[in-house]
Amino acid sequence: MTLHIDIPQETLGSILAKAFRNRSFLIGFAITVLVAAIAVISYVWTPYDVTKLVISDKTLAPSAAHWFGTDHFGRDILSMIMVGARNSIAVALVAVGIGMGVGVPLGAFAAARGGFVDEALMRLNDLVFAFPALLSAIMITAIFGPGAINAIIAIGIFNIPVFARVARAGALAMWPREFILAARAAGKSKTQITIEHVLPNIATLLLVQGTIQFALGILAEAGLSYVGLGAQPPMPSWGRMLFDAQTRMVVAPWMAIFPGMAIVVTVLGLNLLGDGIADILDPKSRRQR
């Protein structure tokens, strides 16, 4: 999913005023901050040790002692969700960083150069885009083995063509503008114009796309962990928790319900945040989509 918005220049005060009036942004921001806070807290505290197996407590229903119940090894599900949050966020954040760090310069460079260079880069971009994150992860895993690092690489590679397309589209819309023509008339090189004028004017467009890819990155990480290509035991992962729960849905449905809710709420929060940012910076964007 890509987005194109034409961002008017506004003061910080007017943007903040719109943010406080935008329900989508406020809900998305609150959910995102809550999930991030849970992930940070898990580094210093969790109700129980997620690496400790207590077989006598296996598949306990939610209670005062275990709010979300326990899994088939007696591990506290709430603690596992907390630790799994930091794993999902870390993988998605780094993967988006890779995609943005490589894809944005490529897309901006292609738009600036045009002609054969633009065409060649975009066709290469299409080739990379043809390989989904799961397929890339399978190929990487076949060489280096499963793990969170390889999941990051696979999702990051998939994000590169997405950001390249968005950056190129935004940059192409900027180049005919009068202030760009004035900069060219002043003798600035295409590289200078791209850095000083084009990229700052498409930064919000990239930010909105970044929130979308962040949400998709969390889904991709959960999917890779579900098939055993993401974080490996004993490190908890939301996708791995769903995999472990699939054969115990009758006796312990909470093993699937709570990790599934964590994924749904987190992705929903990021999507609402992205929609809110788009609406705040361009009220017409919702109608355009």
Side-chain angles (χ1 to χ4, degrees), residues 1-42 81-82 84-97 99-100 103-104 107 133 155 158-159 162-171 173-174 199-223 238-239 242 257-289:
M1 176 182 179
T2 58
L3 207 60
H4 180 71
I5 54 179
D6 189 14
I7 303 161
Q9 298 298 318
E10 298 185 79
T11 64
L12 179 60
S14 65
I15 292 175
L16 290 176
K18 287 183 179 180
F20 282 112
R21 293 195 304 266
N22 189 288
R23 186 176 301 176
S24 176
F25 175 83
L26 291 176
I27 296 175
F29 182 77
I31 293 174
T32 303
V33 169
L34 176 62
V35 174
I38 290 172
V40 172
I41 291 172
S42 72
I81 288 176
M82 292 176 66
R86 75 188 190 207
N87 177 66
S88 295
I89 290 175
V91 169
L93 185 63
V94 176
V96 168
M100 188 175 289
V104 171
I155 301 171
F158 179 76
N159 280 332
V162 174
F163 282 103
R165 286 182 173 186
V166 173
R168 176 178 177 270
M174 289 292 118
L199 290 180
N201 279 280
I202 65 172
T204 307
L205 172 65
L206 297 173
L207 175 62
V208 174
Q209 189 65 42
T211 61
I212 295 172
Q213 295 307 123
F214 200 163
L216 293 177
I218 288 178
L219 285 176
E221 189 279 330
W238 292 344
L242 289 176
I257 292 173
F258 292 111
M261 288 178 59
I263 296 172
V264 170
V265 170
T266 302
V267 172
L268 175 63
L270 288 167
N271 283 331
L272 289 174
L273 180 62
D275 285 345
I277 293 174
D279 291 339
I280 290 166
L281 295 169
D282 184 1
K284 297 181 294 182
S285 63
R286 177 171 292 177
R287 291 195 297 271
Q288 290 172 351
R289 286 179 290 152

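Everything numeric here is computed off the predicted structure, so don't read it as measured data.
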(Q) Apply side chain to side chain contact (heavy atoms under 4.5 Å, CB included) to residues N87 and W238 and explain how you reach the verdict. (A) CA-CA 9 Å; N87 177 66; W238 292 344; over 6 Å; no

Just verifying a value: how many Å separate [X] [atom1] and [Y] [atom2], rounded to the nearest 0.5 Å?
{"X": "I280", "Y": "N22", "atom1": "CD1", "atom2": "CG", "answer": "4.5 Å"}
{"X": "N159", "Y": "I212", "atom1": "CG", "atom2": "CD1", "answer": "11.5 Å"}
{"X": "T211", "Y": "D275", "atom1": "OG1", "atom2": "CG", "answer": "8.0 Å"}
{"X": "I81", "Y": "M261", "atom1": "CD1", "atom2": "CE", "answer": "8.5 Å"}
{"X": "L216", "Y": "N271", "atom1": "CG", "atom2": "CG", "answer": "7.0 Å"}
{"X": "L93", "Y": "E221", "atom1": "CG", "atom2": "CD", "answer": "13.0 Å"}

Considering residues at least two apart in sequence or located in another chain, which fulfil the side-chain contact (heavy atoms from CB on, under 4.5 Å) criterion with [X]?
{"X": "S42", "result": "T46, M82, V83, R86"}
{"X": "A220", "result": "I155"}
{"X": "V94", "result": "I98, I152"}
{"X": "L272", "result": "S24, I27, L268"}

Item to complete: Just do the side chain to side chain contact (heavy atoms under 4.5 Å, CB included) check on L242 and I263 with the steps written out, would you?
Response: CA-CA 10 Å; L242 289 176; I263 296 172; 3.7 Å; yes

The side-chain contact (heavy atoms from CB on, under 4.5 Å) partner of L206 among I202, V208, T204 is I202

Paired with L270, the side-chain contact (heavy atoms from CB on, under 4.5 Å) test is passed by just one of T32, V265, L219, namely T32

Taken in chain and number order and not counting sequence neighbours, the residues that satisfy ring-ring contact (aromatic ring centres under 6.0 Å, His included) with F158 are F129

Sorted by chain and number, sequence neighbours left out, ring-ring contact (aromatic ring centres under 6.0 Å, His included) with F214 holds for none

For G217 and A92 the tightest heavy-atom approach is C-CB, 3.9 Å

In short, I89 meets A39 closest at the heavy-atom pair CD1-CB, 3.9 Å

- Is there a donor-acceptor pair closer than 3.5 Å between any side-chain N or O of S88 and the backbone N or O of A85? no

